[in-house]
Amino acid sequence: MWKTLKRWFHQLGSPRTFYRFSGALIPWLFVAMVITLAWGLYQSLLVAPTDYQQGESYRILYVHVPSAWMGLFIYVLMAVSGLIALVWRMKVAEMVAIACAPIGAAYTFVTLVTGSLWGKPMWGTWWEWDARLTSELFLLFLYLGVMGLYAAIEDRRKAARAAALLALVGVVNLPIIHYSVVWWNTLHQGATVKLFSGESHMHPSMLKALLIMTAATKFHFGVALLQSVRARILQQESKASWVQELVDD
Amino acid sequence: MNLLHILWSLIQRDLRLAWRSRGELLNPVFFLILVIALFPLGVGPEGKLLARIASGTVWVAALLATMLSLDLIFRSDVEDGSMEQMFVSQTPLSWIVLGKVITHWLVTGLPLVLLAPLLAILMHLPQPGLWALIQSLALGTPVLSLIGSVGVALTVGIRKGGMLLSLLVLPLYVPVLIFGTAAVENAIAGMSPAGPLLILAAMLLFALTLAPLTAAWALKVSLS
Amino acid sequence: MTDFWQMGGYALYVWPSYALFLAVVVYWLVAPWLEVKRTLRKMKQRKRRQHARANTGEQHESQA
Amino acid sequence: MTTCHFRQIRYERDDEPVFGTLEFSLQPGHMLVVEGPNGSGKTTLLRVVAGFLDMAEGHVEVEGRTLPVRDFHETLPLAYAGHKPGFKDDLTVLENLRFLVALHEGDTRRIGAVLQRVGLWGWEDNLGRALSAGQRKRLALAAMLLHPAKLWLMDEPFANLDGQGIALVNALMREHLQQDGMLMTTSHGTFPLEHAHMDILRLDGGKGDRA
């Protein structure tokens with residue numbers, strides 16, 4: 001088992017195999033995304049019951065929470081593929097790490113805006129230095145740092161490796177920043193009203209809607225990431241013979 | 001392979017260099033006092049209000065002062081080729097980074113710690129908070145230099161890396177700021193500042209072990 | 001049906017949130033896809049230009 | 001110190017190969033001169049061997065072991081004299097040398113003798129910035145001599161040097177080679193002196209250059 005996994009890992013490392021493999025996978029992911037997204041939206045807007053406390057405004061949770069999870073998930077994935085790129089010097093891993101950054105930043109931005117939209121009716125202000133929103137804000141800064149560093153260095157390969165290293169530094173600091181902010185938040189205002197109603201005691205159909213929406217965001221990320229990496233492969237491997245053949249037919 | 005001797009000669013050299021250009025040496029200190037002086041102008045001179053925001057202001061100003069001087073760590077050695085000689089030597093690069101960070105702290109961090117009493121007066125910081133401020137700055141400023149060295153190692157190859165450096169480094173400074181100010185707030189409120197100070201000490205050890213290695217790796221990547 | 005659109009009075013908050021979410025989802029589906037097509041098209045054009053230049057016998061022209 | 005064979009050395013910047021796949025070897029007592037027009041990657045090749053460019057591809061066989069070329073610089077003490085001075089303008093000649101000796105774990109007692117050898121005796125207390133271009137090159141040479149290095153990597157060793165300086169550099173090279181040291185230099189002009197054991201590696205800025 002380990003042998004095939006290792007072979008598969010190295011095979012996937014070659015831009016050409018990755019290009020073909022992702023090309024085959026994208027249609028399936030796309031279909032899965034459309035289904036889960038439609039089903040998820042239906043569940044979250046129509047089926048899930050109204051929240052006895054917050055009324056209808058809690059439905060923002062079905063886009064806010066999945067986006068927050070995606071923002072975190074993508075950062076960790078970026079750091080992991082960055083580590084692979086740095087240690088095994090794999091071009092594809094570099095491209096995956098760099099392609100992750102803008103998508104993750106987009107999801108984090110959505111989380112921040114929907115969080116503030118959700119908080120407005122409850123807190124009366126657009127921005128509340130709530131622990132989770134604050135650490136989301138710093139997650140966005142970490143993303144902007146990685147993207148800024150990549151854009152600032154001319155040589156593509158060197159830029160990718162520097163950005164990958166920064167992503168590693170970021171992922172190590174992520175929990176430290178998060179728990180410092182959470183601790184700081186309890187220190188200053190005492191526990192604010194729990195913005196995110198805990199998943200555990202949610203009504204089953206609420207939980208179902210949330211999980212479907214989360215699945216939809218995962219499929220969406222799959223399509224978006226693979227397609228962005230394919231674009232980068234074409235740009236960076238434009239000299240390669242297999243790309244020239246691709247252009248001919 | 002007497003690493004301590006090499007480390008000491010590196011620090012000695014950098015301190016002599018810093019002394020030779022001592023004009024810029026005091027910039028972080030002047031910057032700090034200037035920033036602190038802005039707050040009463042902006043927020044109003046009432047002592048009670050200033051005292052309330054004193055610890056936060058001093059810490060944020062210390063953060064910015066350290067960050068502005070991070071460029072000193074590698075910039076000049078990279079530009080005149082000394083960094084190449086350090087690459088080529090058998091001394092592990094992380095050891096060289098450690099030496100440079102120590103010098104940076106001695107040149108910018110330490111003055112901030114020594115300046116704390118003056119800043120406390122300017123900001124009407126309540127008396128019990130002063131000793132905690134000094135302790136927290138003493139533990140926190142080395143962490144700022146260590147984390148900053150990673151950021152500046154990543155941006156040393158970029159011509160106009162200044163703004164980018166702050167974007168990379170400031171988010172990583174958040175935990176130090178939080179626990180630094182918390183120590184002072186605890187002391188002011190009459191509680192013992194030991195808790196946050198111990199956390200700062202833990203961060204110092206964490207940064208001391210990881211930051212030089214990461215910065216050395218970053219230097220290799222950005223200078224290749 | 002109308003109270004569905006009102007969202008219990010929170011329409012001003014719920015709909016913009018969903019709109020932003022869907023906008024980001026759609027953008028990240030369309031943009032990379034266009035990027036791939038644009039890159040392929042650009043390479044096709046460059047290839048065609050090179051062929052045209054080669055055929056007209058301008059050998060000394062250095063490869064772009 | 002045995003011969004080091006470099007195989008399939010390649011380096012790309014912005015996905016453009018700076019030089020094609022190179023094959024060459026460094027032998028004790030032998031000197032390798034890398035020749036080629038400007039921009040053919042001579043300095044880059046030297047920096048690859050010095051270990052500055054860890055994106056370089058290819059491997060090197062040293063003492064029966066094969067290792068990636070980017071780790072080659074860890075296998076033996078090597079000295080690098082590039083375009084940049086490598087010392088500080090704000091430190092005196094003596095302060096600079098004393099630090100470089102400590103850094104490379106050389107022998108401080110030899111500083112006096114080396115200063116005399118490179119013709120900087122009497123200039124010890126001058127700041128780096130006060131030296132002329134030729135003198136700065138001699139200070140770099142002094143640092144090199146104080147460095148217990150087996151392999152010397154010298155980029156344009158004769159730049160900014162007068163006749164006397166060139167003679168000095170050749171003499172130092174000859175001594176280094178006689179002590180079974182290895183030497184790799186770059187030059188685009190005609191080489192002022194024929195050394196007994198000298199190999200030429202031509203980089204014509206094209207692809208696939210041969211030793």
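Predicted model only: the values in this text are computed from it and were never measured. The sequence lines fix the lettering, A, B, ..., with proteins before strands; numbering per chain opens at 1.
Taking chain A as the reference chain and counting heavy-atom pairs below 4.5 Å, the highest number among B/T214, B/T181, B/L154 is found for B/L154. Between chain B and the options A/L174, A/N173, A/L165, the largest number of non-hydrogen pairs under 4.5 Å is found for A/L165. Between chain B and the options A/L142, A/L149, A/V169, A/L86, the largest number of non-hydrogen pairs under 4.5 Å is found for A/L149. Of the listed residues (B/S224, B/A182, B/A218, B/A211), the greatest number of heavy-atom pairs within a distance under 4.5 Å of chain A belongs to B/S224. Taking chain B as the reference chain and counting heavy-atom pairs below 4.5 Å, the highest number among A/S180, A/G148, A/G145 is found for A/S180.
At distances below 3.5 Å, at least one donor-acceptor pair connects side-chain atoms of A/S14 with backbone N or O atoms of A/T17. Using a distance-only test at 3.5 Å, with no hydrogens or angles considered, no donor-acceptor pair links the side chain of B/T108 to the main chain of B/T66. Judged purely by atom type and a 3.5 angstrom limit, A/Y143 uses its side chain to pair as donor or acceptor with the backbone of A/G71.
Cation-pi geometry between A/R156 and A/Y150 is met: the NZ or CZ atom falls under 6.0 Å from the ring centre, inside 45° of the normal.
When heavy atoms are compared at a cutoff of 4.5 Å, A/V181 approaches chain B by way of both its backbone and its side chain. Heavy atoms closer than 4.5 Å to chain B are found in both the backbone and the side chain of A/I177. Looking at B/S222, the atoms closer than 4.5 Å to chain A (heavy atoms on both sides) all sit in the backbone: N, CA, C or O.
Look at B/R52 and B/E46 and you find no salt bridge, because none of the NZ, NE, NH1 or NH2 atoms lies under 4.0 Å from a carboxylate O.
The residue from B/L137, B/V58, B/L112 that alone fulfils the side chain to side chain contact (heavy atoms under 4.5 Å, CB included) condition with B/L119 is B/V58.
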